[in-house]
Peer 1: 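Before I ask anything, here is the structure I am working with.
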Amino acid sequence: MMNVSIEKMERETLSKVLGRTDVLALSFGTMIGWGWIMLAGHWVTQAGVLGAILAFVIGAILCIFVGLTYAELTPALPLAGGELVFAYRGMGYKASWICAWAICFAYVGVSAWEGIAIATAVNYVLPIPDKGYLWTIAGYDVYFSWAIVGIACAFLLSVLNHIGVKTSAIFQVMATIGLVLVGLIFLFGGITKGSIEYAVPTFTGVSGLVAVLLMAPSMFVGFDVIPQSAEEMNIPLRQIAGVLIFSICMAAAWYILMILGISLSAPAEIRDTASVPVADSMAYAFGSPIWGKILIAGGICGILTSWNGFIVGATRVIFAMARAKMLPEVFAKVHPRYKTPTAATILVGIICCVSPLLGKNALVWFVNASAFGTVIAYFMVSLSFVMLRKNEPGLKRPFEVKRARFVGIMAVLVSAGFISLYLPIGPGSLQWPYEWGMILLWILIGAVLAAIAKRSYKDITDAEREYLMFGEE
């Protein structure tokens, strides 16, 4: 790149079209997704009813510390890329690259497993015949007839995101409403048609509590999509913080209510042997398999809300990195009509279309590996929060966290603690070769792209990069 003046540099921007309801649906719908449908019964078995509830209360409190750092930084720096911008402002170029690439991995990883999840959900409602055998991966036979369901949905969601974030937001609101309605029917059925006798075990011990707590970060991932789309929000900056924290509290309440619902709806033998625990428990409570299929229909809405939200997050991170000359410039191009990052959307769409070809077992690999990327980003955002409080006390903050030093230190410690859980020394160590292999491959891709960007834009000055990242202000 030629070393040109800032006045002559072209800076792509996104349209401000998202309202408060859009933002709340984007965050809450992304968080609750599909995971609780498959895992709520497992949580009760692992920790007991009270143990599972306590694990999510603790998880919510821990996430709120991190969420508060996001709540202050997002309205202070309301720009696409979120974590990229926070880390650059707080710790510089290298830290921002690592932070953004980590959260991008989290978003891409979760987006990738959604295609596998939706094929599994559809197969529960309408069994998919095994046609077109492709290969066997980790003991699972992959058939084209099964994979094409995820591929088709990935294509449609990619098109939806391409034609505008407002269109995507409208879809998000509608799908979130559908998910919540079905979830409330499930809870109502458990309370009115279930039995307190089914709510066992009550508490299995500390080890069970820790096992469920390990899953909490991946269950709360989604509130961090808010800063990714901050540049497209048309609401007062101070309100962004309130929506972010409120969405975390809503997600915590949702998980606790669904734990109560499944613990009351059916006896332990139903929960423990079911292919889709919440669906089978609902069918048992209402006395008809049709109710299990209705629950799955709501669950599909959850898959779509989560999937849609993470596509928004992933594409905005890639766009922001490319706009700041940290990735090839093609990913910073915005469609002239739809005002969406075209190449970034195509890239994420391709990854989502390919992932169902890896088979059902890849779902767990993507979930665990992406959770690791999330906690790395949380750690770096928390550090950035602490550094900005120290180095830029005069930064205009529409929302200021009270007792910021305490909150910042707690957020750093919490995220560092979660990182340790995923390492080989921790109780939730990621698996080799699949999960660590994904992480190492992503690091390798990032290193190559970073080297290409550094070589291509070696003449760019700090002032030029900061203009591209932050704009004129």
Side-chain angles (χ1 to χ4, degrees), residues 24-25 27-68 176-177 179-223 243-268 270-272 274 276-282 285 295 298-299 301-302 305-306 367 371 414 418:
L24 183 59
S27 178
F28 177 67
T30 302
M31 274 190 280
I32 59 176
W34 165 261
W36 62 277
I37 293 176
M38 294 298 295
L39 297 173
H42 175 71
W43 297 334
V44 174
T45 301
Q46 283 282 100
V49 180
L50 295 181
I53 290 173
L54 181 59
F56 272 91
V57 170
I58 295 171
I61 292 171
L62 297 179
C63 285
I64 284 173
F65 279 113
V66 177
L68 284 169
T176 301
I177 290 172
L179 171 60
V180 169
L181 287 176
V182 172
L184 291 178
I185 293 171
F186 167 64
L187 176 64
F188 175 79
I191 293 172
T192 60
K193 297 179 179 295
S195 172
I196 192 68
E197 295 178 0
Y198 301 154
V200 291
T202 304
F203 184 69
T204 62
V206 175
S207 60
L209 173 67
V210 172
V212 176
L213 184 59
L214 277 170
M215 303 181 193
S218 60
M219 293 297 105
F220 285 102
V221 173
F223 73 84
V243 171
L244 193 152
I245 297 300
F246 183 58
S247 67
I248 295 176
C249 295
M250 284 180 63
W254 177 266
Y255 290 130
I256 290 169
L257 290 174
M258 294 306 106
I259 289 169
L260 285 174
I262 196 169
S263 65
L264 295 171
S265 295
I270 298 294
R271 299 194 303 260
D272 295 343
V276 183
V278 172
D280 287 0
S281 296
M282 185 169 179
L295 191 284
C301 289
T305 59
S306 178
V367 170
V414 166
F418 272 116

Peer 1: Can you tell me how far apart CD1 (Ile58) and CD1 (Ile53) are? Round to the nearest 0.5 Å.
Peer 2: 12.0 Å
Peer 1: Ala274 and Pro277: which non-hydrogen atoms are nearest, and at how many Å?
Peer 2: CB-CA, 3.6 Å
Peer 1: Test: ring-ring contact (aromatic ring centres under 6.0 Å, His included). Region: residues 192-221. Which pairs qualify, not counting sequence neighbours?
Peer 2: Phe220-Tyr255
Peer 1: Return the CD1 to CG distance between Ile32 and Leu179, rounded to the nearest 0.5 Å.
Peer 2: 4.0 Å
Peer 1: Can you measure from OG (Ser265) to CG (Leu295) and round to the nearest 0.5 angstrom?
Peer 2: 9.0 Å
Peer 1: For the pair Thr305 (side chain) and Gly29 (backbone), establish whether a donor and an acceptor sit closer than 3.5 Å, ignoring hydrogens and angles.
Peer 2: yes
Peer 1: Just how far is it from atom OG1 of Thr204 to atom CG of Leu50, taken to the nearest 0.5 Å?
Peer 2: 10.5 Å
Peer 1: Does a side-chain heavy-atom distance below 4.5 Å link Met38 with Val276?
Peer 2: yes
Peer 1: Take Ile262 and Arg271 through the side chain to side chain contact (heavy atoms under 4.5 Å, CB included) test and state the conclusion after the steps.
Peer 2: CA-CA 8 Å; Ile262 196 169; Arg271 299 194 303 260; 3.7 Å; yes
Peer 1: Considering all heavy atoms of both residues, which atom of Leu209 and which atom of Ala47 are nearest to each other, and what is their separation?
Peer 2: N-CB, 3.9 Å
Peer 1: Contact between Ile185 and Met282 at the side-chain level, heavy atoms closer than 4.5 Å - yes or no?
Peer 2: yes
Peer 1: Do the non-hydrogen side-chain atoms of Val278 and Met258 ever get within less than 4.5 Å of each other?
Peer 2: no
Peer 1: Using every non-hydrogen atom in the two residues, find where Pro201 and Thr45 come nearest and quote the distance to one decimal.
Peer 2: CG-O, 4.5 Å
Peer 1: Just distance, no hydrogens or angles: give the donor-acceptor pairs under 3.5 Å from side chains in residues 243-252, sequence neighbours left out.
Peer 2:
unit_1	atom_1	unit_2	atom_2	d
Ser247	OG	Ser27	OG	2.8
Ser247	OG	Val243	O	3.4
Ser247	OG	Leu244	O	2.6

Peer 1: Is any side-chain heavy atom of Val44 closer than 4.5 Å to a side-chain heavy atom of Val200?
Peer 2: no
Peer 1: Any donor and acceptor pair, going by atom type alone, linking the side chain of Ser306 with main-chain N or O of Gly302 inside 3.5 Å?
Peer 2: no
Peer 1: Do Met219 and Trp43 have side chains that approach each other closer than 4.5 Å (heavy atoms only, starting at C-beta)?
Peer 2: yes
Peer 1: With rounding to the nearest 0.5 angstrom, report the CZ to CG distance, Phe186 to Leu264.
Peer 2: 9.0 Å
Peer 1: Please round to the nearest 0.5 Å and tell me the distance separating atom CD1 of Ile37 and atom CG of Asp280.
Peer 2: 11.5 Å
Peer 1: A side-chain contact here means heavy atoms from C-beta on lying under 4.5 Å apart; do Ile259 and Trp36 qualify?
Peer 2: no
Peer 1: Once the angle between the rings of Trp254 and Phe28 is folded into 0 to 90°, is it parallel (under 30°), tilted (30 to 60°) or perpendicular (over 60°)?
Peer 2: perpendicular
Peer 1: Please name all residues satisfying side chain to side chain contact (heavy atoms under 4.5 Å, CB included) with Ala253, sequence neighbours left out, ordered by chain then number.
Peer 2: none
